[in-house]
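Working notes, structure below.
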Amino acid sequence: MSHMRHICRITEMSHSTLKTAITPRRDEDFPEWYQQVIRAAELAEPSDVRGCMVIRPWGYGIWENMQRQLDGMFRATGHRNAYFPLFIPLSYFAREAEHVEGFAKECAVVTHTRLEADADGKLKPGSPLSEPLVVRPTSETIIGASYAKWVQSYRDLPILINQWANVVRWEMRPRLFLRTTEFLWQEGHTVHETESEARGETRLILDLYERFVRDHLAIPVFTGAKSESEKFPGAVETLTLEAMVQDRKAIQAGTSHFLGQNFARASGIQFQNREGKQEFGWTTSWGMTTRLVGTLVMMHGDDDGLVLPPRIAPTQIVILPITAKEETRAAVLEACDKLAMGLRDSRYADFPVEVLVDRRDVGGGVKNWEWIKKGVPLRVEIGPRDLEKNAVEISRRDQAVKSKESMPMEEFVARAPEILRSVQDTLYARAKKFRDENTRVIDSKEDFYGFFTSKNPEKPELHGGFALAHWNGSREIEERIKNDLKVTIRVIPLDDSPEPGKCIFTGEPSQRRVVWAKSY
RNA sequence: CGGGGCGUAGCUUAGCUUGGUAGAGCGCGUGGUUUGGGACCACGAGGUCGGAGGUUCAAAUCCUCUCGCCCCGACCA
């Protein structure tokens, strides 16, 4: 009899151990899991406006942290913020042919001002504009118009400006954070005296971005150039950062473009050089977007929800008072506040530690799970028993949800920054390990096709990854691989160690391996 | 924009084939019992079944149109 009961309990336990906070699991249905995490973590929700989303405080808090950190890095490298119009006169936009071709299909266009009631009392657009206005999909042309006025002499250069803004791209298939009609970003736009200086800027920003995603978002990336067919419309060269998320697809985490003199010519950005001759400026542009929030979800999230790197988490430590017994409640709450104050006095990664005491009158278990789903790096429980020992129970989000460690309160206050650092490091190491395990050096066409073909076409399992393979440099091959496998060249490494070989598709000579993958 | 799927309460959904104007679980509210935990009991609020038209005595259910969402494709940060 007691034996039976014992077995039942074990069954029950293993059942609850298997239960995950997010349904479905990542391995069951990755796209659906992604959406459920965003909802469960209260990052964002679809709005009534097709393709647009509402970014909720927790999601926006992550974006604000990204802004704060990137903004500091921009300032430290001599950039300043400014703001340019949302609307771009159609004629300005039309100035750069390749640019137009690239963006025309996704432009929202304002053609009228004012609303007027018709006979039925329905509101209709009233006066047509003499010239339609394009809602910026990117701001090269409108910013270029200002730069043309500001630049007269080489002494006016360089111009190093960034803007934080929203942009609109009328995409066909929106997905929360990854591809929405309106999104938030920063766009840097610079003008330089020489080609090499502008190329240097493009590279400087690429390195800055790489540091940012590595150190703050715990995201390892491959960097390098885009192929002709993948580069920014109007750019001479596009540098990119490519990360691998947990379904092994590539996602672009940021771009930095060397625009040559294309846009300077289009906008009339001209200056008198040191020889007294008129010359077009050399421009760059570069950006990172709210897509990074989605990247973070897919990079670190698990079957219990979001997992946030401490450096980007809006709240780094949440304190959960165990106030089960009325008679100890006040003492527990007081201890929590005291602990919070102590923690806020310490610093982690240049800022005071972000601590929240969750005093809400919500069941303890529910409360705990909410914070798990939101991905808070550290959860700290304080109950009457801990009070007696002057200790706390801490749970790290990078470890199993049930795992807890007891620690003297003093020690925890002293060690909190170190523990946060450890969580941050673990997430990076884990992501890098995953990326490396799913990156293959491939030397034959057969292996290449095998790598990117699922075993079960009906319900494709997670497969593929990054393939490092030689390529003859032709657009035709890219096109064919894209058609056959939906695989594209994500990045052509810039580096230092060219490794000559033979194109695995044609046998022609190749200077270096390039990175192939399916992508977002 | 092409192919597929789906719209019933905040969420997940039953009912639809064989018409008779809605049921559940979770969540929510109140009261109580609990308390190192996604607890339990009782009571309760919440749905013009995506929208419009049609067939019918009668439509969530049948027909037509329409809107939206999701997945795959083309495109993109």
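Side chains included, hydrogens not; waters and symmetry mates left out as well; all remaining heavy atoms used. Sequence lines set the chain letters: A, B, ... in the order given, protein chains first and strands last, and positions in each chain run from 1.
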Is the closest basic N to carboxylate O distance between A:R203 and A:D207 below 4.0 Å?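 A salt bridge links A:R203 with A:D207.
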Identify whether the distance between the nearest side-chain nitrogen and carboxylate oxygen of A:R397 and A:D302 falls below 4.0 Å.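 Answer for the salt bridge query: yes.
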Kindly check if the number of other-residue, nucleotide or ligand heavy atoms within 6.0 Å of [atom1] ([X]) is above 12?
X: A:W369; atom1: CH2; value: yes
X: A:E334; atom1: CD; value: no
X: A:E410; atom1: CD; value: no
X: A:E101; atom1: CD; value: no

Selection: residues 386-397 of chain A, any non-hydrogen atom under 4.0 Å of RNA chain B: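 The answer is A:D386, A:E393.
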What residues in residues 355-376 of chain A put a non-hydrogen atom under 4.0 Å from any atom of RNA chain B?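 Heavy-atom cutoff 4.0 Å gives A:G365, A:V366, A:W369, A:K373.
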If the plane angle is over 60° it's perpendicular, under 30° parallel, otherwise tilted; pick one for A:W371 and A:W58.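 Rings of A:W371 and A:W58: perpendicular, as their planes differ by over 60°.
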For A:F74 and A:H79, take the angle between the two ring planes, folded into 0 to 90°, and tell me which bin it lands in: parallel under 30, tilted 30 to 60, perpendicular over 60. perpendicular
Correct closest heavy-atom pair for A:S227 and A:W471 would be CB-CH2, 4.3 Å
Strand RNA chain B as a dot-bracket string - pairs counted if Watson-Crick or G-U with both distances under 3.5 Å, | where the partner lies in another strand: ((((((((.[[[[.)....(..]]]].((((((.....)))))).....[[[[[..)....]]]]])))))))....
Taking the [atom1] atom of each, how far is [N] from [M], in whole Å?
N: B:U64; M: B:C28; atom1: P; result: 42 Å
N: B:G25; M: B:G15; atom1: C1'; result: 15 Å
N: B:C11; M: B:G46; atom1: C1'; result: 13 Å
N: B:U61; M: B:C6; atom1: P; result: 16 Å
N: B:C57; M: B:G44; atom1: P; result: 39 Å
N: B:G3; M: B:C16; atom1: P; result: 30 Å
N: B:G20; M: B:A58; atom1: P; result: 14 Å
N: B:G7; M: B:U66; atom1: C1'; result: 14 Å

Tell me, please, which residues at least two apart from A:R329 pass side-chain contact (heavy atoms from CB on, under 4.5 Å).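 Here the qualifying residues are A:T323, A:E326, A:L333.
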Just one of A:E237, A:Q252, A:H257 clears the side-chain hydrogen bond (donor to acceptor under 3.5 Å, both in side chains) bar with A:K226, so which one? A:Q252
Within the structure shown, what part of the strands sits under 4.0 Å from A:G287 by heavy-atom distance: base, sugar-phosphate, or nothing?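 Result for A:G287 = nothing.
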With a non-hydrogen cut-off below 4.0 angstrom, is A:P384 in contact with a base, only sugar-phosphate, or nothing? base
Taking the six-membered ring of A:F222 as reference, does the cationic atom of A:R435 (NZ for Lys, CZ for Arg) lie under 6.0 Å from its centre and within 45° of its axis? yes
Just verifying a value: how many Å separate A:I161 CD1 and A:I143 CD1, rounded to the nearest 0.5 Å?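 Rounded to the nearest 0.5 Å, the CD1-CD1 separation comes out at 7.5 Å.
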Rounded to the nearest 0.5 Å, the CZ atom of A:F177 sits from the CG atom of A:L184 at a distance of 9.0 Å
What string of B, S and - do you get for nucleotides 71-77 of chain B 5' to 3' if you count protein non-hydrogen atoms under 4.0 Å? SBBBBBB
Protein-nucleotide distance ([X], atom [atom1]; [N], atom [atom2]), rounded to Å:
X: A:I322; N: B:G38; atom1: CD1; atom2: C1'; result: 13 Å
X: A:K325; N: B:G36; atom1: NZ; atom2: C1'; result: 8 Å
X: A:R379; N: B:G37; atom1: CZ; atom2: P; result: 13 Å
X: A:L176; N: B:C70; atom1: CG; atom2: C1'; result: 11 Å

Under the criterion side-chain contact (heavy atoms from CB on, under 4.5 Å), I'd like the reasoning laid out for A:E140 against A:E96: C-alpha separation, chi angles, the key distance, then a yes or no. CA-CA 10 Å; A:E140 276 74 7; A:E96 215 289 331; over 6 Å; no
Validation row, ring centre A:Y34 to ring centre A:F30 under 6.0 Å: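 Not close enough - the centres of the two rings lie 6.0 Å or further apart.
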For a ring-ring contact (aromatic ring centres under 6.0 Å, His included) check, start with the C-alpha distance between A:W516 and A:F451, then their side-chain angles and the critical distance, and finish with the verdict. CA-CA 11 Å; A:W516 301 80; A:F451 185 56; over 10 Å; no
N/O to N/O distances under 3.5 Å, protein versus nucleotides 6-13 of chain B:
residue : atom : partner : partner atom : Å
B:C11   : O3'  : A:R39   : NH1          : 3.2

